Asks: 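Could you have a look at this structure, given as structure tokens, before my questions?
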Amino acid sequence: MDLSVGIVGFGARAGIRREVHRPGEGSRLTAICDLSEPSRAAARDEYPDALVTDSLDELLASGVDAVMVLTPDDTHAKIAIRALEAGVAVFCEKPMAIDLDDADAMLSTARRTGARLYIGHNMRHMPVITLMRDLISEGRIGEVKAIWCRHFVGHGGDYYFKDWHADRRRTTSLLLQKGAHDIDVIHWLAGSYADRVAAMGSLSVYGGIDDRRDRSGERMPDWFSVDNWPPASLTGLHPVVDVEDISMVNMHLTNGVLASYQQCHFTPDYWRNYTVIGTEGRIENLGDGSGSTVALWNRRHSGSAEPDESFVVPTVSDSSHGGADGLLIAEFLRFVREGGVTETSPVAAREAVAAGILATASLRGDGSAIAVPPLDDDLVAYFERGQTE
């Protein structure tokens, strides 16, 4: 029998609905909740047999087996906790929350109710990341000692400065909003979580643009264009722009690994570059999509050198994010049916949120290092067991 799945938030990230709605193949969308009438109208057109409502209570009462929370970041925790309290399995888009207390409340609620919680960190399924993790696990670069990530957010002006993302009340920061992915990947590749973070950042470009506009009723595809260049020429920014467009954080991890993450929203290109340095070599991705390369150096060279080995990032499926979204949803649905351990981790999602939030506090302060508070060991063990007592 198909799992009955509900979606809360029929916006941009709701594109993963196509991985969920597979009638006769194990899952189908049966309920959609959104506060926007245009979004509800679009949902009715696409899914005429589904319940479409503006009431979360009505969706939860409809008998769904699972709920996918795909709403703006500042609403994640409240919606997810209500669903967990109703005993419904939850898929929550990253970042799981924009406040550390809310993230911790999500974990404690999931344990108390026994309802299953899954966080949508799809990069743990991206082929470029799994390829790098496999090389590390195989010992190809020895013991990991440092990880650097440069994130060139070439579409940043259109993606994050023309809607709610630009307002720190809705996101805390883009260091958290975008960086939650990369901080989680850094933690995963290093096999440890950050215990101290120190950051700097600024609103260097978009804060100087006075052309602002209320885009209520519009969606990002309505204004996006690669011709919107250079960044300082953009128009129609959100009325509130108070998040940084460039930021960088240094992290000390509990196992001694040192890591750094840099994010810039006004680059001409859009991709992530990871460098992982071990005691016996290093790896680096050159491009992050299918067909890109992960380069490995594990012999000594004088000066710049071609990689000692190169590995092509495979194509795993035709779903978005290099096939990661299809794998993500398949794992979530399996988790709803069967339980068990997953590649994604609610604890890891909380640790990414904690590092991002405290790094934001550091960069808006004097840049000093801030300690990341640890979770209770017993709570961590619960989630490491696959959410079983």
Side-chain angles (χ1 to χ4, degrees), residues 94 121-152 179-197 248-263 269-317 319 321-328 330-331 341-345 347-349 351-352 355 384:
K94 51 62 57 186
H121 276 280
N122 60 353
M123 286 189 67
R124 289 197 175 208
H125 293 283
M126 281 182 66
V128 64
I129 301 302
T130 55
L131 173 56
M132 297 181 83
R133 181 170 164 82
D134 287 346
L135 292 170
I136 293 167
S137 299
E138 292 165 7
R140 301 298 300 277
I141 61 170
E143 183 181 353
V144 173
K145 292 297 183 181
I147 301 178
W148 307 333
C149 176
R150 300 180 299 163
H151 192 181
F152 311 107
H181 267 316
D182 299 284
I183 294 170
D184 178 59
V185 168
I186 288 170
H187 288 166
W188 199 43
L189 296 180
S192 186
Y193 299 129
D195 58 14
R196 295 197 308 276
V197 295
M248 51 199 71
V249 55
N250 290 327
M251 295 176 276
H252 178 275
L253 277 55
T254 56
N255 64 354
V257 170
L258 298 180
S260 65
Y261 170 65
Q262 296 86 38
Q263 176 191 102
D269 49 343
Y270 194 4
W271 65 295
R272 293 170 166 95
N273 170 256
Y274 287 93
T275 294
V276 185
I277 303 173
T279 54
E280 298 176 16
R282 77 176 181 93
I283 52 176
E284 178 178 358
N285 65 297
L286 307 174
D288 56 14
S290 299
S292 298
T293 298
V294 172
L296 166 70
W297 292 265
N298 60 2
R299 292 196 293 269
R300 191 168 182 176
H301 300 276
S302 295
S304 176
E306 292 297 310
D308 296 308
E309 291 186 71
S310 293
F311 305 86
V312 176
V313 176
T315 300
V316 297
S317 79
S319 69
H321 291 98
D325 282 344
L327 296 171
L328 181 80
E331 180 176 70
V341 177
T342 58
E343 289 289 4
T344 66
S345 160
V347 167
E351 297 294 351
E384 287 182 346

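Computed from a predicted structure; not experimentally measured.
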Asks: Stepwise, does the side-chain contact (heavy atoms from CB on, under 4.5 Å) test hold for M123 with I129?
Replies: CA-CA 7 Å; M123 286 189 67; I129 301 302; 4.2 Å; yes

Asks: Side chains of S192 and V257: closer than 4.5 Å at any heavy-atom pair?
Replies: no

Asks: Is it the case that more than 12 heavy atoms not belonging to E306 sit under 6.0 Å from its CD atom?
Replies: no

Asks: Just how far is it from atom CG of L327 to atom CZ of R124, taken to the nearest 0.5 Å?
Replies: 14.5 Å

Asks: For the residue pair D184 and A348, what are the closest heavy atoms and their distance?
Replies: OD1-CB, 3.5 Å

Asks: Taking C-beta and beyond as the side chain, do H151 and Y261 meet within less than 4.5 Å on heavy atoms?
Replies: yes

Asks: Does the side chain of Y193 pick up a donor-acceptor pair with the side chain of N255 at under 3.5 Å?
Replies: no

Asks: If you take all heavy atoms of P314 and S290, which pair is closest and at what distance?
Replies: O-OG, 3.4 Å

Asks: Measure the spacing between CD of Q262 and CG of D182 and express it to the nearest 0.5 Å.
Replies: 10.5 Å

Asks: Are the side chains of H125 and T344 in touch, meaning some heavy atoms are under 4.5 Å apart?
Replies: yes

Asks: Any donor-acceptor pair under 3.5 Å linking the side-chain atoms of W271 with those of N273?
Replies: no

Asks: Would you check if I136 and L189 make a side-chain contact, meaning some heavy-atom pair closer than 4.5 Å?
Replies: yes

Asks: So do L135 and V294 actually touch side chain to side chain, heavy atoms under 4.5 Å?
Replies: yes

Asks: Any donor and acceptor pair, going by atom type alone, linking the side chain of R133 with main-chain N or O of W188 inside 3.5 Å?
Replies: yes

Asks: Within this structure, what is the CZ-CG distance for the pair R196 and L258, rounded to the nearest 0.5 Å?
Replies: 9.0 Å

Asks: Among V276, L131, T275, whose side-chain contact (heavy atoms from CB on, under 4.5 Å) with I283 holds?
Replies: V276

Asks: Restricting to side-chain hydrogen bond (donor to acceptor under 3.5 Å, both in side chains), what partner residues turn up for D195, sequence neighbours left out?
Replies: H252

Asks: Do the non-hydrogen side-chain atoms of M132 and F311 ever get within less than 4.5 Å of each other?
Replies: no

Asks: Restricting to non-hydrogen atoms, name the atom on P127 and the atom on V313 that form the minimum distance, rounded to 0.1 Å.
Replies: CB-CG1, 3.7 Å

Asks: What residues, two or more places apart in sequence or in another chain, satisfy ring pair (Phe, Tyr, Trp, His ring centres under 6.0 Å) together with H121?
Replies: H181

Asks: Would you find a donor on one side and an acceptor on the other, under 3.5 Å apart, between the side chain of S345 and the backbone of V347?
Replies: yes

Asks: So, for A259 and I186, which heavy atoms are closest and what is the spacing to 0.1 Å?
Replies: CB-CG2, 3.6 Å

Asks: Under a 3.5 Å distance rule, please check whether E331 uses its side chain to pair with a backbone N or O of E343 as donor and acceptor.
Replies: yes

Asks: Are E284 and L286 side-chain neighbours, meaning at least one heavy-atom pair lies under 4.5 Å?
Replies: yes

Asks: So do I141 and E280 actually touch side chain to side chain, heavy atoms under 4.5 Å?
Replies: no

Asks: Examine the side chains of H301 and D308 and answer whether a donor and an acceptor come within less than 3.5 Å of each other.
Replies: yes

Asks: Please report the closest heavy-atom contact between A352 and I183, naming both atoms and the distance.
Replies: CA-CG2, 3.9 Å

Asks: Is a side-chain donor or acceptor of N285 paired with a backbone partner of V128 at a separation under 3.5 angstrom?
Replies: no

Asks: Is the shortest distance from a Lys or Arg side-chain nitrogen in D288 or R272 to a carboxylate oxygen in the other one below 4.0 Å?
Replies: no

